Amino acid sequence: MNNLPIKFLAVTIQNFRGIPDELVVPLDAPLTVIHAANGTGKSTICYALEWLVTGKVDDLNGAALECQWGKGATTVSANCLIDGKLHVLTRTNTSLWITPDGEKKKKINDEFLLGMLTPTSVSGKSTIALRKAKRGWLRNSRWLYSNSLALLIDNNKADERQQIFADILGFGHLTSTLRDLRDYRKALPNTKGLADKVSGVKAEIETLKASLALSSPAKEAALDNLEAIFTAFPPAVEGTIPERLEAAQLRVNSFSQKQQREMAVLNTVYQQWTPYHGSLQQIETLRQSVDALTQEQKKASEDHSVRASELSDAQQKVSDAQRSLKWADDSLLTFHGWQTATSAQGVGGYFEQIDRSQAELEAAGFVELGWSSDRQTEWKKAIALLSANFQKIMELERQKSDLKANPVAPAIDFDEKARLADAAKNIRIRAEADFDAYTNVLGKLKVMGSEFAHAHDDPHCPLCNYNWPTTARLREEISSNMEVLAPALEAASSALTLARKDEQDAIKALELATSQKSAYETYLARSNSVYQELQSFAIRSTYFETMNVQDFSGMNMDGLANMNRRVTSAIQISGIFEKLSEVEKFFAITPASGAATRVSSAVASLGSYKKHFQDQFDQYEPARARLVLAVQGLLQAVQSKAGEIAGLNANIAAAVEISSSFDSHWRELFGDQPVSVESYDIMRQQLGQRGIDATTYTSMLDQCKAVVSVDADSAKLKKLEQELVQLTSKLRIGTGYIADADLAIEQYALHVKDFTASSLKPLLSPAAELFSRMHANEVYKGLGVSEGEDALKWTVFAEGHEPALDAEGKLSQGQRQDLALSLYLARARNTGGSFFLDEPIAHLDDLNRVAMLDIFRLVATSMPDMNLILTTASDSLARHMAQKFSSITDRHLLNMIHLEGNPRTGVKMTVQGNAAVPNNPGQTESLRE
């Protein structure tokens, strides 16, 4: 079945556009008004149902359907009546499902659902075209968005307005097809240019025919000329005159070009004659000079090689001497430190009596000498650290001793004293309460005065502000006045005094314990701080491990200075021992047992070694300096000769280039003949005669061209006649296409008009009634259509005017909107089901808005087969709509849905009806997405 009405009862929207979670919207009332601020989601509900039914939302232009802050899958599901039977439609991003009442849920495609809800007359040539046409028909017949209404009131949008009216009436797909046909007709090529070209070809053919009617008397002479040319330039060529003329022209042109080229070469030879002979003489002289310079350069180069070799030997001897002298000096400098290192305070005793070896020195107590170089260096740094912080370390040791000598005990029973103080406070509070129960203000003051007098030695009374002679007199007066107190009050007063005394004692005990606790914590913190600082110095210096002590108490500056001297000497002597091993190995000296003897032996060997190489340096250094100057002079001489030779070679190359150019041109004309004036004169005479012959042959060819033009015109005539046949055929085909397109447009336009008239016939009467009710100023009473140039035109009938008036020219912007709504509602009543109006009265004035509200009330009360869903952002419209239905309480006709929130925080919905809804006695429900 096709074109079945669909009525929506409720829709569930999840994660779609402006709705992030889930929103259930009731649509079962004849009239549903969705009232919300812009951006809250009212248009989202219309878009969701359009997507559910058609699978696409045209106004979104392919934008993402998911809410940016949404959760879960994008889903739209609706309970609806299709042809009066209950169904559930559900669409997700990937599938579409339908569940008929009492049957199982099944998966369907868009084509199946669109086929159910649209007429068979809406079709397309392909699946894509069919789906697009049916979507457009269904969307335009059940959804009227505010953008379409805006076009209806725009005077510059006549074409769009006509399409919207067609969409409202259900034949928008026909008008779009008619528009495509007209566009196709405009796109067809214009045949005027083709017709003009046919006329031009015909005229050119007539001209050529007239020209060919005349004979050419020069034909015989042309044939003789061709024979003469082929005799001069054999072989002869057979064929038509144009073919023979073309071959003859090629040979004459070749002959002429060769003569011109050879004459140009001969002129070049003439111009280069004198420079050529001069260059031959110059080349011989230059080559002799080059030979002489080459011999001189060779001699200088050989001398340079000999002196360079001698310089290399001398340089090697000097370098060896310098390197050896430097090593000897460095070694002697190291050994010169022996006396200083061994005579230092704290170290000299190891070297005074006997000549000890390194092992013996270590065994004798010079332990630093046996350490590695890294340990020696680290210990020297440690001594520097301790010396720089000596006063601080000693102060920390003193503080540590003081802290040990004056320990602070921790607080005893601190928690118990705190508990007792709290208990004493509570007892005092209860005693004050008992005292307050037995006394008045005056009694309290007397008790307070007594307490103050006994607690202080001041004779000034705090109650009466009188200065008594003595404190005893003040206490006596207060005590005499206290005798008048009642026994119960006196007992309460005594109990309060005792409680206060006990509380003060407990507080003092707690304060003492608190002070002792604070002192102990301070003692611990200070002890830890001192210990950590001393431990830091110990770790950084390794003093405790090196000196085998437990603290810094025995450290003093003299000891640090002595340790510094010992380790400094150990470092120097270790370096001397390393250098001794190197020198003894170099000179193959057998090491002696004593260190001092080894040093003396090494110094003596180094002295002899240094003298040997100093003599070598003194011997070769003067020769090296002399050879450096000699080698540099010879190198400059070689380079100078090379420059002179390069200059002469450049001159030779220039002269050779002149002679080579002349030889090349001469050989081109004369071959291997020797250069001579006689050969030159003969060649000039021959080339002159050839130039005369080329001119004669060219004149003969010009006489032949007149005959060739006649044959060319004949060939051109034949081509033009063939072209005329082709152009005539194209003109006939193009004219046929245009005629067929005009006929198709005419017939399809007639079909659209007939279909429009038949579609409008049952709608004109109810639409005119609705239009007259909407139109608040009561000028226009009816609607009609008339024949226009391209399509039917809307007409209106007014009081006092018999002929119909053009609606586009007479209706205001708001009246055009009234007309569109009238047609939409009239067609909706005949179709049945649910229909959606987005901001339907946004452009109407207040008077016409009131009239439109009456129309909506009439639709809801008298048209039970359809439901209207309206959206609006107007608070006054929503309020007036509710007032229109406030008097009807026995039928459920209206749902007022108010939306609040936004896509990020969620949308809150409030539903209010004009009457109690079954299973919903409260008439109001709230849902939050």
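Owing to the predicted nature of the structure, the values given are computational and were not obtained by experimental measurement.
- A distance of 4.5 Å separates CD1 of Ile98 from CD1 of Ile108, quoted to the nearest 0.5 Å.
- Judged by distance alone, with hydrogens and angles left aside, the side-chain atoms of Arg139 form no donor-acceptor pair with the main-chain N or O of Glu50 at under 3.5 Å.
- When atom types are taken as modelled, the side chain of Ser834 and the backbone of Phe8 share a donor-acceptor pair closer than 3.5 angstrom.
- Two residues are said to be in side-chain contact when any heavy atoms from C-beta on lie closer than 4.5 Å; Thr872 and Glu839 meet this criterion.
- In terms of heavy atoms, Ala48 sits closest to Val76 at O-CG1, 3.7 Å.
- With values rounded to the nearest 0.5 angstrom, Leu52 atom CG is found 7.0 Å from Ile6 atom CD1.
- Phe836 and Trp143 have parallel rings, their planes meeting at less than 30° on a 0 to 90° scale where 60° marks the start of perpendicular.
- Between Arg135 and Asp110 there is a salt bridge, since at least one side-chain N of the basic residue sits less than 4.0 Å from a carboxylate O of the acidic one.
- Remark: side-chain polar atoms of Arg17 are not paired, donor with acceptor, to backbone N or O of Thr44 under 3.5 angstrom.
- Of all non-hydrogen atoms in Asn109 and Leu96, the two that sit nearest each other are O-CD2, 3.9 Å.
- In this structure, Asn79 and Leu27 have side chains that are not in contact, with every pair of non-hydrogen atoms separated by 4.5 Å or more.
- When atom types are taken as modelled, the side chain of Ser95 and the backbone of Thr92 share no donor-acceptor pair closer than 3.5 angstrom.
- Rounded to the nearest 0.5 angstrom, Asn914 CG and Asp890 CG are separated by 8.5 Å.
- Using a 4.0 Å cut-off between a side-chain N of Lys or Arg and a carboxylate O of Asp or Glu, Lys7 and Asp865 do not qualify as a salt bridge.
- Residue His35 holds its NE2 atom at 9.0 Å from OG1 of Thr40, rounded to the nearest 0.5 Å.
- Between the side chain of Asp28 and the main chain of Ala10, no donor-acceptor pair closer than 3.5 Å is present.
- Across all their heavy atoms, Asn895 and Gly913 have their closest contact at OD1-CA, 4.2 Å.
- A heavy-atom distance below 4.5 Å is not found between the side chains of Lys132 and Ser126.
- Taking both residues in full, the closest heavy atoms of Lys56 and Trp51 are given as N-CD1, 3.8 Å, listed atom of the first, atom of the second, then distance.
- Shown here for Leu825 and Met866, the closest heavy-atom pair between the two residues is O-CE, 4.4 Å.
- Between Leu89 and Leu113 there is a side-chain heavy-atom pair separated by less than 4.5 Å.
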Quiz prompt | side-chain contact (heavy atoms from CB on, under 4.5 Å) between Leu837 and Leu821, worked out | solution = CA-CA 9 Å; Leu837 297 172; Leu821 290 172; 4.2 Å; yes

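- With hydrogens and angles ignored, the 3.5 Å screen pairs no side-chain donor or acceptor of Glu22 with any backbone N or O of Thr12.
- Rounding to the nearest 0.5 Å places CD of Gln883 at 10.0 Å from CG of Leu853.
- When Leu893, Asn867, Val859, Leu870 are each tested for a side-chain contact (heavy atoms from CB on, under 4.5 Å) with Leu31, only one passes: Leu870.
- In this structure the side chain of Leu894 never reaches within 4.5 angstrom of the side chain of Gln912, judged on heavy atoms.
- Residues Leu81 and Leu86 meet the side-chain proximity criterion, which asks for heavy atoms closer than 4.5 Å.
- Rounded to the nearest 0.5 angstrom, Thr54 OG1 and Trp137 CH2 are separated by 13.0 Å.
- Looking at His87, its side chain does come within 3.5 Å of a backbone N or O of Lys85 through a donor-acceptor pair.
- The two residues Thr32 and Ala29 make their nearest non-hydrogen contact at OG1-O, 4.0 Å.
- In this structure, the side chains of Leu49 and Ile869 stay at 4.5 Å or more apart for every pair of heavy atoms.
- Put simply, the side chain of Asp83 never gets that close to the backbone of Leu4: no donor and acceptor are under 3.5 Å apart.
- Contact of the Pro26 side chain with the Met909 side chain is registered, since non-hydrogen atoms from C-beta on lie closer than 4.5 Å.
- Annotation: Lys884, atom NZ; neighbour count of heavy atoms from other residues, nucleotides and ligands within 6.0 Å is above 12.
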